[in-house]
Q: 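What follows is a single structure, and I will ask about it in a moment.
Residue numbers begin at 1 in each chain, while the letters A, B, ... track the order of the sequences.
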There are 2 protein chains.
Amino acid sequence: MSVGIRHDDLRRRNRAMVISAVRRAGHPSRTEIAATTGLSHSTISAISSDLIQEGILAESRGSETVSLKRGRPQVGLSLNPEAAAVLALVLSLNFLSVAVIDYAGQVVAEEQRRLDTLTMSRDELIGECVAIVRRRLEDPDLDVQSVARIALAIQGITDSHARAMLWSPITPQTNIAFADILEDEFGIPATMENDCNMMAVALRWRDPDRYRDDFIAILLSHGIGMGLVLKGELFTGTHSSGGEFGHMIHRPGGALCRCGRRGCVEAYAGNYAIWRNARQLSENAEPVADVSDADMRALAARARETDGPEREAYRKAGEALGFGLGSLFALIDPAPVAMVGASAAAFDLIEPALREAIAQTAGGQHSGSISFDTEPNELPLIREGCAMRALSFVDQEIFAPGVQARGGSAGKNVA
Amino acid sequence: MSVGIRHDDLRRRNRAMVISAVRRAGHPSRTEIAATTGLSHSTISAISSDLIQEGILAESRGSETVSLKRGRPQVGLSLNPEAAAVLALVLSLNFLSVAVIDYAGQVVAEEQRRLDTLTMSRDELIGECVAIVRRRLEDPDLDVQSVARIALAIQGITDSHARAMLWSPITPQTNIAFADILEDEFGIPATMENDCNMMAVALRWRDPDRYRDDFIAILLSHGIGMGLVLKGELFTGTHSSGGEFGHMIHRPGGALCRCGRRGCVEAYAGNYAIWRNARQLSENAEPVADVSDADMRALAARARETDGPEREAYRKAGEALGFGLGSLFALIDPAPVAMVGASAAAFDLIEPALREAIAQTAGGQHSGSISFDTEPNELPLIREGCAMRALSFVDQEIFAPGVQARGGSAGKNVA
DNA sequence: CTTTATTTTTTCGAGCCTCGAAAAAATACT
DNA sequence: AGTATTTTTTCGAGGCTCGAAAAAATAAAG
């Protein structure tokens, strides 16, 4: 049950609102903030004066303030980069990357490592993550005290409290409470995020005009993932990160999926599935562990060239994605879609069958008007999403304390 | 973008919170309200004193206050039944019903009418709705001034702003802005709701222990509908009421659905589909307009008796529902399910195949632990949901004004 | 170069709201 | 009849936002 609003919550919330207005707008003046938040000028003045004194905001006077209007010029407020820092970790197949981001959102340091995630033990996997964080924290250029948050994104299913990885295709290990492990190790609040959810968060920051309240980010990669924003909030399952679009059932009892079940969308549209179909292997053939990007590019090239099994494989992928999206649209109505990942570069091969399939579904009423965007590079997107999510936590918790406790559900407030 | 909190919003929100605490608890004392809302005793005292003076709450002293404890006895607060009244309209196949409900939630009058919705013209349909409301409002026992809300539920798709019916299986008419029509006619705020959503709302009020933050209500009837509550809020689509579970795709290109498409869940699990399969008709056979409840009961009886086409028809229905739920669970994770409607009485025939199918899907990991409840009578549930939704609007808007404007999105705040 | 107009930001008092502590009220126990 | 206990109200303190007015800072006009 929702709890009453105390008197002191008021200031906290309005402080958080001012901070988020500055983060969104870049260099808004106090007057602009008053307009977007609906609060009075006096309130904004009081709050921003506090925030400046606390070193959270800074006046960015001069600079490009070419005031053409007459009257007292506006003085822009900006985030003080030194107010805090966050770490964005991304763990994907055979790859671990970390970035240190200042409070204004600029990357100040980064590091990447190749691993063999599929064969690593539980302890090795945890050890690598802890080690890479430790190395960044030991960087003499970094004020350790200022590091206020760590966000770790992983390909796979996480719990809805953003504490643990439950299952992931990149490792046989399950149920690793990465967030708790990192918190215990470094004493810095941490969250465990799903990679596709972070893609969605990043898209929202990158292009708020296109990706605002309702949109879908689909990762076309070895597996199929999805990040979903509905009514302005990141969608998650009741217990896990949810949104396992790739494991909706396309054909009951159909092709063998990497997850061991049959007929999932991914069993037709994941890289391994396209590969399997292009090679004309049986639908029951064991999914291969990895297909290189180069191999997939070659496959796509051949599909574009001749009408052979490669083209048919992409057609089947499109069909599976189309019927899957159709079922999804039956539930949530159509929304803009971003296709992310290496195979998004082959979306030209996928789109015709996808649209044809979608037209046969409940979501197909407006199938013509559904727009697809492609973005072949998922990694920067995931990292950016992680960073923004961690920063939003800092905004809300550290600098406007008491609104939420530690951790925070993965569901509320798209970072 | 979310707007700042004004100083006067505080009182409004806390007033609304007190009212909703009373509605939920029945006869809570001021002390109990303070405990559940987290507000101080003095605040609750002040707010409830206001509300009593305004005739919204009343002290229900004496009655069954058998105080066993010593000390000053608690004095229970209750809703003043005369504070307001609402109308709950339910429009379903060939049937229109209305109930007048007082502010405390008691039905004070009702009326029902048989119609021939499938053949009625647009104006006739609207006319019947307006007429039945007018008759209730002209009832001399009713104080017209006190009627604060009308909620109309319909089987079919409504828009996400709760203004209009977009499409419905009970009539060939489309896009009727019932909410606006009723508001214009009577000058009373009205909303247009989806029937299955109202079922979910009602379940939440009836059994908050079982149906709290996440659950699914599925209507097994001529068609298949769903009401979904996620994270304590009624789930709706981005543009429409959404949640069209019945039109998720079970088998691409499969059986002919009433909606004209192929392979929808409903095309296997709706009454007409069970009927069609039991008669061993082609999957392409045109769906019949209606199957009587008696005929369905006879079908179920035969299915229980002998292992013939009737039993197979129910098996197919279970399979379709199972794979559909499996896909849904891939997105939202498993949650308690209530099976509502006449065919819920035949759930014993459906369940085995349903569980078998679900076990083959991503949601199947915990398939054993997913619990199904059945409730054969949907109509009282829909009416109750409508009533509670309308009353909640009154709570929030009329008696705690300014929090939201008129209408209200269908998505927020499960009534 | 001074004055005026314009726009942004700060200051200040008024009005609410919630809270904690103490008082008042109402009952059971001794 | 007095005491203990629990609920409810009262009252002053402290905070917050708001509107109006003042102050600040600049462009345009004379």
Q: Please state how far atom CD in B:Gln74 lies from atom P in D:dT9, giving the value in whole angstrom units.
A: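 These atoms are roughly 12 Å apart.
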
Q: Salt bridge check, A:Asp50 against A:Arg11: does any charged N sit closer than 4.0 Å to a carboxylate O?
A: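 Looking at A:Asp50 together with A:Arg11, the answer is yes, because their closest N to O distance falls below 4.0 Å.
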
Q: So what does A:Asp8 hit on the nucleic acid, given a heavy-atom distance under 4.0 Å: a base, only sugar-phosphate, or nothing?
A: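 A:Asp8: no heavy atom of the nucleic acid under 4.0 Å.
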
Q: Whole angstroms only, please: what is the CD1-C1' distance between A:Ile33 and C:dT10?
A: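 A:Ile33 atom CD1 is separated from C:dT10 atom C1' by 15 Å.
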
Q: Quickly work out the B:Ile5 CD1 to D:dC18 P distance and round it to whole Å.
A: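 Rounded to whole Å, this separation is 11 Å.
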
Q: Using whole Å, report how far CZ of B:Arg13 lies from C1' of D:dC16.
A: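 The distance from CZ of B:Arg13 to C1' of D:dC16 comes to 15 Å, rounded to the nearest Å.
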
Q: Out of C:dT9, D:dC16, C:dA25, which has the shortest distance to the side chain of A:Arg30?
A: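 Nearest to the side-chain atoms of A:Arg30, counting from C-beta on, is C:dT9.
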
Q: By nearest atom, which of the nucleotides C:dT18, D:dG19, C:dT6 is closest to the B:Leu10 side chain?
A: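 Looking only at side-chain atoms, B:Leu10 lies closest to C:dT18.
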
Q: So what does A:Ser42 hit on the nucleic acid, given a heavy-atom distance under 4.0 Å: a base, only sugar-phosphate, or nothing?
A: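 It contacts base atoms.
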
Q: Using a strict threshold of under 4.0 Å (side-chain N to carboxylate O), is an ion pair present between A:Glu54 and A:Arg15?
A: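 Result for this pair is yes, salt bridge flagged.
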
Q: Could you grab the distance from atom CD1 of B:Ile44 to atom CG of B:Leu51, nearest 0.5 Å is fine?
A: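 Taking CD1 in B:Ile44 and CG in B:Leu51, the distance rounds to 9.5 Å.
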
Q: Give me the one residue out of A:Glu59, A:Gln74, A:His41 that meets side-chain hydrogen bond (donor to acceptor under 3.5 Å, both in side chains) with A:Arg30.
A: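 Output: one option passes, namely A:Glu59.
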
Q: Nearest whole angstrom, please: distance from the P of D:dG15 to the CZ of A:Arg6.
A: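 Whole-Å distance recorded here is 16 Å.
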
Q: Counting neighbours of NE2 on B:His239 that are heavy atoms of other residues, nucleotides or ligands and sit closer than 6.0 Å, is the number greater than 12?
A: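 No, NE2 of B:His239 has 12 or fewer neighbouring heavy atoms, counting only those of other groups under 6.0 Å.
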
Q: Which angle, rounded to 10°, do you find between the first-five-pair axis and the last-five-pair axis of the helix from C:dC1-D:dG30 to C:dT30-D:dA1?
A: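 Its terminal axes enclose an angle near 20°.
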
Q: Minimum heavy-atom separation for B:Ala83 and B:Phe399, please, with both atom names.
A: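 Heavy atoms only, the tightest pair is O-CZ, 3.9 Å.
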
Q: I want to check one thing: is the phosphate of C:dT18, taken as OP1 and OP2, less than 4.0 Å away from some side-chain N or O of B:Arg11?
A: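 Yes, because at least one side-chain N or O of B:Arg11 sits under 4.0 Å from OP1 or OP2 of C:dT18.
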
Q: Examine C:dT18: is either OP1 or OP2 under 4.0 Å from a nitrogen or oxygen in the side chain of B:Asn14? Give yes or no.
A: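 Affirmative; the distance criterion is met.
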
Q: May I ask you to test the A:Leu79-A:Leu57 pair for a side-chain heavy-atom distance under 4.5 Å?
A: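 Sidechains of A:Leu57 and A:Leu79: in contact.
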
Q: Is there a side-chain polar atom (N or O) of B:Arg72 under 4.0 Å from OP1 or OP2 of D:dT5?
A: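 It does not, given that no N or O in the side chain of B:Arg72 lies less than 4.0 Å from OP1 or OP2 of D:dT5.
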
Q: In whole Å, I'd like the distance from the CD atom of A:Glu59 to the C1' atom of D:dA24.
A: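 Result: 13 Å.
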
Q: With heavy-atom distances below 4.5 Å as the criterion, would you say the side chains of A:Ile56 and A:Tyr103 are in contact?
A: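 In short, these two side chains touch, coming nearer than 4.5 Å.
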
Q: Please test A:Arg149 against A:Arg389 for side-chain contact (heavy atoms from CB on, under 4.5 Å), starting from the C-alpha separation and ending with a verdict.
A: CA-CA 10 Å; A:Arg149 270 270 170 191; A:Arg389 175 152 270 256; over 6 Å; no

Q: Whole angstrom is fine here: how far is it from CG in A:Leu77 over to C1' in C:dT10?
A: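 So the CG-C1' distance, A:Leu77 to C:dT10, works out to 14 Å.
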
Q: DNA chain C: A:His41 or B:Ser40, which has the more 5' nearest nucleotide?
A: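 Its nucleotide being nearer the 5' end, the pick is A:His41.
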
Q: Between D:dT17, D:dT6, D:dA28, which nucleotide has the shortest distance from any of its atoms to the side chain of B:His7?
A: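 Side chain of B:His7 sits closest to D:dT17.
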
Q: Got a sec? Which of residues 43-57 of chain B come in under 4.0 Å of DNA chain C, heavy atoms?
A: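 Heavy-atom contacts with DNA chain C come from B:Thr43.
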
Q: Over how many whole Å does the gap from A:Leu39 atom CG to D:dG19 atom P extend?
A: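 In whole Å, D:dG19 P lies 11 Å from A:Leu39 CG.
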
Q: Please lay out, stage by stage, how A:His7 and B:Leu39 fare under the test side-chain contact (heavy atoms from CB on, under 4.5 Å).
A: CA-CA 10 Å; A:His7 199 219; B:Leu39 298 169; over 6 Å; no

